[in-house]
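Working notes for the structure below.
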2 protein chains.
Amino acid sequence: MRARKVISFDTIRVACKNCTLAALCLPRGLTPEDVEQLDGIVKRSKPLHRGDSLFCQGDPFRSLFVVKTGSIKTYATGPEGGEQVLGFHLPGELIGLDAIEKGVHACSATVLETSAICEIPFAQLESLSNRIPSLQHQLYRLLSKEIGQDAEMLLLLGKKSAEERLAGFLVSLSRRLRQRGLSATDFYLSMSRHEIASYLGLAVETVSRVFSRFHEEGFLEVERKHIQLRDLTALESIVAKAMMDHHPGSKPAQP
Amino acid sequence: MRARKVISFDTIRVACKNCTLAALCLPRGLTPEDVEQLDGIVKRSKPLHRGDSLFCQGDPFRSLFVVKTGSIKTYATGPEGGEQVLGFHLPGELIGLDAIEKGVHACSATVLETSAICEIPFAQLESLSNRIPSLQHQLYRLLSKEIGQDAEMLLLLGKKSAEERLAGFLVSLSRRLRQRGLSATDFYLSMSRHEIASYLGLAVETVSRVFSRFHEEGFLEVERKHIQLRDLTALESIVAKAMMDHHPGSKPAQP
DNA sequence: CGCAATATTGACCACTCTCAATGAGGGTGG
DNA sequence: CCACCCTCATTGAGAGTGGTCAATATTGCG
């Protein structure tokens, strides 16, 4: 994190390439020169801290943000101050894609824990993608990926019981952490119970109770924000089982 | 492919431009020649009927689909046959965007009522967007719009009560119909109660009961699939009020 | 050190799910 | 054309889950 004094130049560039790579160069398809150009427009900021804001609902849209380390939450606020959490974003994930359409941010984003964030001015990214077809392709894929993840979330919220939802949330977190090479079974929740509850459409107390229940059943250890998953399989089967129970296989009609 | 028949030349082209325009040329930015080229790669199919399938989960991704008239539902099926409705798609809306990433459809799409659908081979669309920057821009916007709509849906499912969810559903339908120049207060639901329930994460019986309750309160007339909204404002205020009630304005923390 | 915010736990009650029965259409075949 | 069947929709009664209110830790911060 603070390794930028001495060795900084290459380290940071590589670090940032990593972060950019994770998001933009997913499978392959960009030549080293392309990556070089891409890297040139990425702005690195100094570390941000809990409560810092990346952008607010209504702000003009200028840049996408990539989480290098740490975590971010996005949320929407109603006209009278209600707050609904829309998502949590872990290292390697991209924020702000929903603002491209209107040129205005539709939600706010704040930092949950000390985080390193890369900023990518979208105008530059777009014009770069004009010249690099494979970058254009990556961008399409990236936008599409976000849509797929939202659909997954819809699936999660379609589930009715609190256990299903919290299990789904934990499994999702676990999978995304593993994907970035972090521990999939031992991690800290950077968000409050309140924020989890809002995200899952539950009451804070219910979240707390289900954590306790999972603990009693031996699925996990929980102490405040520190979580250790003991039986990931059990949690996964809760999620999988859920889908079958409701909607017992009505056939989509046949001609 | 091209509208080359005598009678239909203008009619079909205009019809299809309308459908394409609604989705791809949203604000402006494409020259007539661009639209011409775009129009050239769009395939029109003969009308499809209830139960027909556009694509299935796992199918290779080849094309996007635009609803010209009628309606489509998308849904995901669990390994054991459970079915979760992910979305309903009305005229002017685009389907299949979530498949770009993996090149494979992540959900299935079937026709809810007799519908006219346009097919746009994505490979051709993408290479066309390489040559037409403004088309590229429109595509980014389009993908982004889809993300925004999914977020709106998350907001809807974040709401806890059945009334809030059904009200949100109806308001959303109404808004989208008005946007296409159709009646915002008098329409037919092409989907079954079962499908609505799955979409909203409720039981079929609850959907039915809330419809009755809304009717008793004078918010709407309902007879089977025929809906007439009598007090759209009331429904909207149910949705708006919901957000405030939960999460009473915890400030996002400030340094 | 003490206040404030966060988390956990309990009791109660409202809401929604489940189960079950009835009614209304739409289609098929006699 | 009508009887029949099957699916879909509606309505009722009972049970369970989660929301609400309230009290009590526990932590973090000024």
Side-chain angles (χ1 to χ4, degrees), chain A residues 49-51 73 83 85 112-114 157-167 188-198 200-216 220-227 238 242 244-255, chain B residues 49-51 73 83 85 112-114 157-167 188-198 200-216 220-227 238 242 244-255:
Chain A
H49 302 93
R50 169 154 190 106
K73 81 163 173 187
E83 173 183 325
V85 175
L112 287 172
E113 63 188 319
T114 303
L157 287 184
K159 312 194 178 315
K160 296 171 191 54
S161 95
E163 257 132 9
E164 287 159 16
R165 292 191 185 188
L166 191 62
Y188 283 81
L189 296 175
S190 57
M191 68 292 289
S192 71
R193 298 285 190 271
H194 193 87
E195 289 162 332
I196 297 175
S198 169
L200 297 178
L202 300 170
V204 193
E205 296 92 330
T206 305
V207 172
S208 213
R209 265 185 267 268
V210 176
F211 265 125
S212 304
R213 219 176 302 161
F214 281 170
H215 178 241
E216 285 165 15
L220 48 75
E221 299 294 317
V222 50
E223 192 194 345
R224 293 284 165 184
K225 296 188 172 313
H226 184 206
I227 302 288
I238 290 178
M244 234 203 47
D245 289 352
H246 333 292
H247 319 295
S250 67
K251 63 170 190 292
Q254 274 305 327
Chain B
H49 301 94
R50 171 155 188 105
K73 80 164 174 188
E83 173 184 324
V85 174
L112 287 172
E113 63 187 321
T114 304
L157 287 183
K159 311 194 178 315
K160 296 169 192 56
S161 93
E163 256 132 9
E164 287 158 17
R165 293 191 185 189
L166 191 61
Y188 283 81
L189 297 175
S190 57
M191 68 293 289
S192 70
R193 298 285 190 271
H194 193 88
E195 289 161 332
I196 297 175
S198 169
L200 297 178
L202 299 171
V204 193
E205 297 90 332
T206 305
V207 173
S208 213
R209 267 185 264 267
V210 176
F211 265 125
S212 304
R213 220 176 301 162
F214 280 170
H215 178 240
E216 285 163 16
L220 47 76
E221 299 293 319
V222 50
E223 191 194 346
R224 294 281 164 186
K225 296 187 173 312
H226 185 204
I227 302 287
I238 290 178
M244 236 203 46
D245 289 352
H246 333 294
H247 320 295
S250 67
K251 63 171 193 291
Q254 272 307 327

Between the side chain of Arg165(A) and the main-chain N/O of Leu157(A), is any donor-acceptor distance below 3.5 Å?
-> yes

Between P of dT27(D) and OH of Tyr188(A), the distance in whole Å = 13 Å

Axis bend over the full length of the helix from dC1(C)-dG30(D) to dG30(C)-dC1(D), computed from five pairs that close each end, to 10 degrees = 40°

Residue list, side chain to side chain contact (heavy atoms under 4.5 Å, CB included) with Ser212(A), at least two apart or on another chain = none

Taking NE2 from His226(B) and C1' from dA9(D), how many angstroms apart are they, rounded to a whole number?
-> 17 Å

Could you pull out the protein-nucleic contacts involving nucleotides 28-30 of chain D (nitrogen or oxygen on both sides, under 3.5 Å)?
none

Side chain to side chain contact (heavy atoms under 4.5 Å, CB included) involving Val204(A) - partner list, sequence neighbours excluded | Arg193(A), His194(A), Ala197(A)

Output all residues satisfying side chain to side chain contact (heavy atoms under 4.5 Å, CB included) with Ser190(A), sequence neighbours left out; order by chain, then residue number.
-> Ser71(A), Leu112(A), Glu113(A)

Taken to the nearest whole Å, CZ/Arg50(A) to P/dA5(C) is 14 Å

With sequence neighbours left out, the residues meeting side chain to side chain donor-acceptor pair (under 3.5 Å) with Ser208(A) are none

With the side chain counted from C-beta on, respond yes when Val222(A) and Phe214(A) share a heavy-atom pair under 4.5 Å apart, and no when they do not.
-> no

Excluding sequence neighbours, so at least two apart, what forms salt bridge (Lys or Arg N to Asp or Glu O under 4.0 Å) with Arg213(A)?
-> Glu163(A)

Donor-acceptor under 3.5 Å (Ser198(A) side chain, Val85(A) main chain) | yes

Considering residues at least two apart in sequence or located in another chain, which fulfil the side chain to side chain donor-acceptor pair (under 3.5 Å) criterion with Ser192(B)?
-> Glu195(B)

Along nucleotides 7-17 of chain C, 5' to 3', which nucleotides get a B, which get an S, and which get a -, given that the test is a protein heavy-atom distance under 4.0 Å?
-> SBBBB----SS

Those residues at least two apart in sequence (or on a different chain) that pass side chain to side chain donor-acceptor pair (under 3.5 Å) with His226(A) are Asp186(A)

